[in-house]
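Below you'll find the structure, written out as structure tokens, and then a few comments.
Note on naming: letters A, B, ... go to the chains in the order of the sequence lines (proteins, then strands), and numbering restarts at 1 for each one.
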Protein chains: 2
Amino acid sequence: MRPSKRDELVRKALTVFYRDGFHATGMDTLVQETGISKTTMFKHFRTKEELILAVLRLRDENFRNWLMRRIADLSPSPAGQLIAVFDALEEWFAEPDFRGCLFIKAAGEYPEEGHPIHAQSAEHKRLLKKGLEAIARAAGAADPNLLARQLLILKEGAIVAAHMGFDPDPAGAAKSAAKGLLAQALGSCATSERSDELHAERKPGCQPLCGDPA
Amino acid sequence: MRPSKRDELVRKALTVFYRDGFHATGMDTLVQETGISKTTMFKHFRTKEELILAVLRLRDENFRNWLMRRIADLSPSPAGQLIAVFDALEEWFAEPDFRGCLFIKAAGEYPEEGHPIHAQSAEHKRLLKKGLEAIARAAGAADPNLLARQLLILKEGAIVAAHMGFDPDPAGAAKSAAKGLLAQALGSCATSERSDELHAERKPGCQPLCGDPA
DNA sequence: TTATAAGTGGACAGATCTGTACAGTTTGTC
DNA sequence: GACAAACTGTACAGATCTGTCCACTTATAA
């Protein structure tokens with residue numbers, strides 16, 4: 001259990017930053033909320049920015065793993081998985097501690113393109129697009145790149161809508177839009193892909209995203 | 001010119017908050033950037049939060065006016081206007097000072113649902129939805145509410161994509177998706193609504209959104 | 001001219017910010 | 001037991017935060 005304190009810090013800092021924001025969270029707050037001394041924090045991370053970058057790395061890994069596993073559990077076919085993205089989102093939105101997307105927040109608080117935090121947040125989205133594009137290609141989409149970009153735009157929009165609460169069912173609205181896009185991209189042959197009738201149970205190891213890791 | 005200093009403060013504070021963020025911008029920075037004394041600021045607004053709320057009110061008015069006028073200039077028909085939303089977005093994204101959506105930023109920095117800044121940001125989106133829904137109804141959409149929600153989700157997603165730079169043409173991707181939704185919502189009769197061939201010039205009084213108002 | 005309102009500049013209070021310093025304590029390993 | 005590494009608690013520096021105070025200047029208008 002060598003690097004446990006460091007990991008524990010990153011895990012707990014994630015929940016605090018996610019809950020309260022980056023600038024709004026001071027290092028003293030983190031000391032109080034994590035129970036880890038400030039000395040130790042600054043031994044593992046030379047600056048607050050380095051800690052934030054580590055938090056973003058952890059979140060990137062957690063989120064992409066969670067999403068990909070979840071949609072694989074929800075549907076066996078690539079086309080069904082693309083739609084299942086929005087079922088997974090719906091589950092996420094329903095979590096009590098849901099507060100939007102950490103990377104959108106980070107990009108908002110560090111808005112300069114060249115800032116490491118901004119750049120790393122953008123990289124997360126690029127990796128997501130890559131993942132969706134691979135699935136779109138496997139599904140036989142006419143233009144996998146375009147379809148992936150459109151689905152990602154729907155996903156980001158649904159997250160914003162869910163966080164700001166201006167849509168009663170953002171995942172549902174995005175899902176129905178995605179179905180139309182998919183039907184169009186796959187040609188008229190597979191219009192009514194029935195991907196959502198099997199609502200797979202969460203498999204063990206596939207935990208909710210917002211839960212307190214304490 | 002009675003309330004000019006107050007308006008000038010709100011206008012200039014808008015550009016600074018939009019450029020740097022809310023928590024990252026201190027009142028002393030605003031003094032420096034606006035040339036208005038701190039005493040005057042706190043005479044017009046009792047707290048920083050009140051100033052932010054005034055900034056958001058101004059932005060809400062500016063943005064909604066700009067968008068509605070722009071799409072009316074771009075297309076005479078309601079259906080065309082719904083598509084023209086994404087042409088307007090493209091113009092916005094191309095502005096040199098574009099840095100995403102101020103309301104998404106605000107909701108990110110003040111993430112509690114009940115916080116006045118969060119609530120007012122959400123209200124802006126609700127008003128946008130209402131506007132789009134009216135146009136969708138005028139266009140004869142089967143379900144104007146759903147169509148408006150889907151278009152708004154596409155819009156928010158495109159803004160996030162543009163700000164984070166993970167899509168080479170977010171407005172274009174969203175626009176093509178919107179065309180599909182619209183064709184579906186209007187029935188098969190008006191599939192190829194040619195809304196974008198007339199690229200209306202900016203009319204006077206319809207200025208870009210990010211320009212320094214100084 | 002004179003009364004009123006609005007704006008200025010700078011010092012200040014008290015809190016909080018990031019990051020450092022240091023002496024002491026726990027923990028794991030030989 | 002002994003050594004090294006990791007961790008703790010607290011105090012601190014220096015900057016910055018929101019908001020106040022006060023004496024002074026400028027503009028407006030009767």
Side-chain angles (χ1 to χ4, degrees), chain A residues 1-56 105-106 108-112 115-118 120 213-214, chain B residues 1-56 105-106 108-112 115-118 120 213-214:
Chain A
M1 52 177 284
R2 180 72 46 69
S4 93
K5 262 290 189 290
R6 190 194 137 112
D7 290 1
E8 183 189 349
L9 167 60
V10 176
R11 243 184 317 121
K12 291 185 174 173
L14 167 54
T15 65
V16 180
F17 283 135
Y18 182 62
R19 181 189 357 112
D20 298 339
F22 296 97
H23 284 99
T25 302
M27 298 302 279
D28 291 291
T29 303
L30 287 180
V31 170
Q32 208 173 341
E33 295 249 2
T34 65
I36 295 170
S37 72
K38 192 150 52 161
T39 313
T40 301
M41 287 182 180
F42 280 101
K43 197 157 292 176
H44 285 301
F45 303 98
R46 282 189 352 217
T47 63
K48 183 186 180 183
E49 182 180 314
E50 278 189 16
L51 171 60
I52 293 176
L53 288 171
V55 163
L56 292 178
K105 284 170 188 275
E109 290 205 44
Y110 301 88
E112 311 112 283
H115 194 291
I117 292 177
H118 189 102
Q120 189 163 311
Chain B
M1 54 178 286
R2 181 72 47 70
S4 92
K5 263 291 188 293
R6 190 196 137 113
D7 290 2
E8 184 189 348
L9 167 59
V10 176
R11 245 184 316 122
K12 291 186 174 172
L14 167 54
T15 66
V16 181
F17 282 135
Y18 182 62
R19 189 205 329 125
D20 297 339
F22 297 96
H23 285 100
T25 301
M27 298 302 279
D28 291 292
T29 303
L30 287 179
V31 170
Q32 206 172 343
E33 297 249 2
T34 65
I36 295 170
S37 72
K38 192 149 52 160
T39 313
T40 300
M41 288 183 180
F42 279 100
K43 196 158 292 176
H44 285 301
F45 302 99
R46 286 196 342 228
T47 62
K48 183 185 180 185
E49 181 180 313
E50 278 190 15
L51 171 60
I52 293 177
L53 289 171
V55 163
L56 292 178
K105 284 170 188 277
E109 291 206 44
Y110 301 89
E112 311 113 282
H115 194 291
I117 293 178
H118 189 103
Q120 189 163 311

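- Across all strands shown, H44(B) has heavy atoms under 4.0 Å from sugar-phosphate atoms exclusively, and none from any base.
- Between the NZ atom of K43(A) and the C1' atom of dG19(C) there is a distance of 14 Å, given to the nearest Å.
- We find that CZ of F17(A) is positioned 13 Å from C1' of dC17(C), with the value rounded to whole Å.
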Note to self: Set out, in order, the CA-CA distance, both residues' side-chain angles and the distance that settles salt bridge (Lys or Arg N to Asp or Glu O under 4.0 Å) for E8(A) and K12(A), then state yes or no.
What the structure shows: CA-CA 6 Å; E8(A) 183 189 349; K12(A) 291 185 174 173; 3.0 Å; yes
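- Side chain K38(A) to base dG19(C): a donor-acceptor pair is found below 3.5 Å.
- Remark: C1' of dA15(D) and CD of Q32(B) are 15 Å apart, rounded to the nearest angstrom.
- A 4.5 Å side-chain heavy-atom check between L30(A) and K48(A) finds every atom pair outside the cut-off.
- Crowding of Q32(B) atom CD: a count of heavy atoms from other residues, nucleotides or ligands under 6.0 Å not exceeding 12.
- Between K48(A) atom NZ and dT16(D) atom C1' there is a gap of 13 Å when expressed in whole angstrom units.
- In terms of heavy atoms, V31(B) sits closest to M41(B) at N-CE, 3.5 Å.
- Between dC7(D), dG19(D), dT18(C), one nucleotide has an atom nearer to the side chain of F42(B) than all others, and that is dG19(D).
- When the nearest nucleotides of DNA chain D are assigned to S37(A) and T29(B) by heavy-atom distance, the more 5′-ward of the two goes with S37(A).
- Per the geometry, CD belonging to E8(B) stands 10 Å off P belonging to dG7(C), to the nearest Å.
- The CZ atom of R46(A) sits 14 Å away from the P atom of dA21(C) (whole-angstrom rounding).
- Here the C1' atom of nucleotide dT20(D) and the CE atom of M27(B) are 13 Å apart, to the nearest Å.
- Atom C1' of nucleotide dG9(D) and atom CE of M41(A) are separated by 13 Å, given to the nearest angstrom.
- Side-chain atoms of T39(A) come within donor-acceptor range of the base of dG9(D), with a qualifying N/O pair under 3.5 Å.
- Relative ring orientation between H115(A) and Y110(A) is described as tilted, the plane-to-plane angle lying within the 30° to 60° band.
- Side-chain proximity of K5(A) to dT18(C), dG7(C), dC7(D): nearest is dC7(D).
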